[in-house]
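Before any comments, here is the structure.
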2 protein chains.
Amino acid sequence: MVAVQDDTKTRLIEAAGVIFADKGFDAAGVREICQEAKANVAAVKYYFGDKRKLYKAVLQHVHACKDNLALQMAEEQLKTQPPLIQLKFYILEMVREHLASQKPAWHLEIMLWEMTRQTAEGREVIELQLRPMATLLKNIIRRLVGDEVSEETVWKSGFSIVGQVLFYHVHQAIARQLAGDAIYEELTVDQIAEHIYQFSIAGLAAVAKRPLAHESAAS
Amino acid sequence: MVAVQDDTKTRLIEAAGVIFADKGFDAAGVREICQEAKANVAAVKYYFGDKRKLYKAVLQHVHACKDNLALQMAEEQLKTQPPLIQLKFYILEMVREHLASQKPAWHLEIMLWEMTRQTAEGREVIELQLRPMATLLKNIIRRLVGDEVSEETVWKSGFSIVGQVLFYHVHQAIARQLAGDAIYEELTVDQIAEHIYQFSIAGLAAVAKRPLAHESAAS
DNA sequence: CGAATTTTCAAACAAGTGTTTGACACGCTC
DNA sequence: GAGCGTGTCAAACACTTGTTTGAAAATTCG
């Protein structure tokens, strides 16, 4: 961890991030945030103006911290690797991000709040964060299923893949409760990603009504 | 709509249901609920004790209203129809419930709150509501993939199917925003269900590493 | 009817909310 | 040291929160 600054301002953003992520905007208290940040309550007015603008700053901070899986893939792999490998990598990285993220967990948690219950402040950040991921996935799928498949079906297929991944994060509590801790603990990130990959390439071939492009490259 | 009683008590439960579903327990206000129910603020203490117990009553009301897809399927179809037809029906009914439910939308919305951010009051209701659905789906999958497949894989396959369905509900706003209203409006409940079905039976066959049971019965 | 019980209501409660104030301390340059 | 701008702080602001009170109103029942 490289020397990160210890301003009252950044401490506020970070403490606010944790608490907003945990309880949502409404249920989070300014006093609670300031106590966690070791700052006076008046500090949020001084640095941000009010609670909403603090929330906005938190969202912008999250956006600024995003490590671009999209760009990373585009540069390293998009041009060289066959689409099946790209899909496998995409799924693995997404599962990793959602189940074993190395950056603070609250970054994703706040994004999830925005994804399910959008606020005016978050819409733009959501767009900037998700749009590149969506088009990247759409391109991969398009290469796999060919040009005869409708745009609509490509979207639905993307939803099928993303929906599988998000389930393990968003509904983790339910999955645990239903499957039982014993079984759930056995699941590793790689296993989950592999399952979703195998499940999805078969699903894609089915909705494409033909074998996938470069099928021979599958594992 | 058959003669539903118009007690202050039931009006409170129903108004509370709507508002709890919309904003969650913390952000919902007692005064707002009572105004919507045309009741005095003191009524919640008189009939329920306090806000938490009102919430508990709402959850129990939701549970009491559940129409048992599980039982319905068990009686009418489980014994007579091949598992592929059962799966198709299961997916269709689940998509219907989540995207075009005939019962008040807030029933499901409250369940979703409990699924993502469990409260002490909700855990039991969640269990009672979801457990039968989960075992039903698990049984269908087991019949389709055979006995060689591990229990773990059956769970993961179930998660894959349920994850696809839930995505269209939980992340509807994002899906709309990304795909665009134009494309999104085109999607009908039956199309979505059909897509998930086709995608999933191919996925199941892939993870089972063999053709599904009674594959000939597929559409 | 008239007494007993159940239900409703406006008003107030203490505690919590986001926000604001004005004073105070620090580091800086002139 | 005086002056100035930047940060910090306890205290108070106006308002909302969930909860409570005690007295009316409505209902039930002998």
Side-chain angles (χ1 to χ4, degrees), chain A residues 3-62 106 110 113-114 117-122, chain B residues 3-62 106 110 113-114 117-122:
Chain A
V4 81
Q5 43 191 347
D6 194 38
D7 307 333
T8 301
K9 190 171 178 180
T10 61
R11 256 183 334 198
L12 268 176
I13 288 185
E14 234 134 292
V18 175
I19 295 176
F20 281 141
D22 186 40
K23 328 170 96 171
F25 178 82
D26 288 315
V30 173
R31 280 172 176 80
E32 185 185 2
I33 291 173
C34 290
Q35 182 179 346
E36 191 70 19
K38 295 183 221 311
N40 190 276
V41 268
V44 27
K45 176 190 165 73
Y46 183 77
Y47 284 107
F48 304 97
D50 60 6
K51 187 184 173 187
R52 283 220 93 83
K53 286 174 191 149
L54 168 58
Y55 184 67
K56 200 170 180 176
V58 169
L59 286 177
Q60 284 164 352
H61 174 76
V62 169
W106 62 265
I110 286 210
W113 271 102
E114 283 297 330
R117 322 197 86 78
Q118 295 199 350
T119 68
E121 291 82 6
Chain B
V4 80
Q5 43 191 347
D6 194 37
D7 306 334
T8 301
K9 191 172 178 180
T10 62
R11 255 178 317 152
L12 268 175
I13 288 186
E14 233 134 293
V18 175
I19 295 176
F20 280 141
D22 185 41
K23 328 169 94 170
F25 178 81
D26 287 316
V30 173
R31 279 173 176 79
E32 185 184 4
I33 292 173
C34 290
Q35 182 180 347
E36 191 69 19
K38 295 180 220 315
N40 191 276
V41 268
V44 26
K45 176 192 166 73
Y46 181 77
Y47 284 107
F48 303 98
D50 60 6
K51 187 184 173 187
R52 284 219 93 82
K53 286 174 192 149
L54 168 58
Y55 184 67
K56 199 170 181 177
V58 169
L59 286 178
Q60 284 163 353
H61 174 77
V62 169
W106 61 266
I110 285 209
W113 270 101
E114 283 296 330
R117 322 196 87 78
Q118 295 199 349
T119 69
E121 291 81 7

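Letters A, B, ... mirror the listed sequences (proteins, then strands); counts begin at 1.
- Summarising the geometry, the separation between CG on B/D26 and P on C/dG18 is reported as 12 Å, rounded to the nearest angstrom.
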Take A/E36 and A/R11 through the test side chain to side chain contact (heavy atoms under 4.5 Å, CB included) and record every step on the way to the result. CA-CA 9 Å; A/E36 191 70 19; A/R11 256 183 334 198; over 6 Å; no
Contact state string [nucleotides 4-14 of chain D, B base, S sugar-phosphate only, - no protein heavy atom under 4.0 Å]: --SBBBBBB--
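- Whole-Å rounding puts the B/I33 CD1 to D/dT17 C1' distance at 12 Å.
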Residues A/F48, A/I13; criterion side chain to side chain contact (heavy atoms under 4.5 Å, CB included); working and verdict: CA-CA 10 Å; A/F48 304 97; A/I13 288 185; 3.6 Å; yes
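- Spacing between atom CG of B/D6 and atom P of C/dT8 amounts to 11 Å, rounded to whole angstrom units.
- Across the protein-nucleic acid pair, A/F20 atom CZ and C/dG18 atom C1' stand 11 Å apart, rounded to whole Å.
- No contact: A/A27 has no heavy atom under 4.0 Å from any strand.
- Secondary-structure annotation of DNA chain D gives the stems C:1-25 with D:6-30, with a stem taken as at least 3 successive Watson-Crick or G-U pairs whose two distances both fall under 3.5 Å.
- Ring geometry for B/Y55 against B/F20 counts as perpendicular: the plane angle is over 60°, on a 0 to 90° scale with 30° as the lower cut.
- Using a distance-only test at 3.5 Å, with no hydrogens or angles considered, no donor-acceptor pair links the side chain of B/D7 to the main chain of B/T10.
- Contact annotation: B/K51 side-chain N/O to D/dG18 OP1/OP2 distance is under 4.0 Å.
- When the P atom of C/dC9 is taken as reference, atom CD of B/Q35 falls 13 Å away, rounded to whole Å.
- The closest donor-acceptor contact from the side chain of B/N40 to the backbone of B/A43 lies at 3.5 Å or more, if one exists at all.
- Look at A/K23 and A/E32 and you find a salt bridge, because one of the NZ, NE, NH1 or NH2 atoms lies within 4.0 Å of a carboxylate O, short of that distance.
- The OH atom of B/Y55 sits 20 Å away from the C1' atom of D/dT19 (whole-angstrom rounding).
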Side chain to side chain contact (heavy atoms under 4.5 Å, CB included) evaluation trace for A/W106 with A/D22: CA-CA 8 Å; A/W106 62 265; A/D22 186 40; over 6 Å; no
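- Between A/K53 atom NZ and C/dT20 atom C1' there is a gap of 14 Å when expressed in whole angstrom units.
- Residue A/K56 places its NZ atom among 12 or fewer non-hydrogen atoms of other residues, nucleotides or ligands, all under 6.0 Å distant.
- Across the protein-nucleic acid pair, A/L12 atom CG and C/dT19 atom C1' stand 15 Å apart, rounded to whole Å.
- Within a 6.0 Å radius of CD in A/Q118, other residues, nucleotides and ligands contribute more than 12 heavy atoms.
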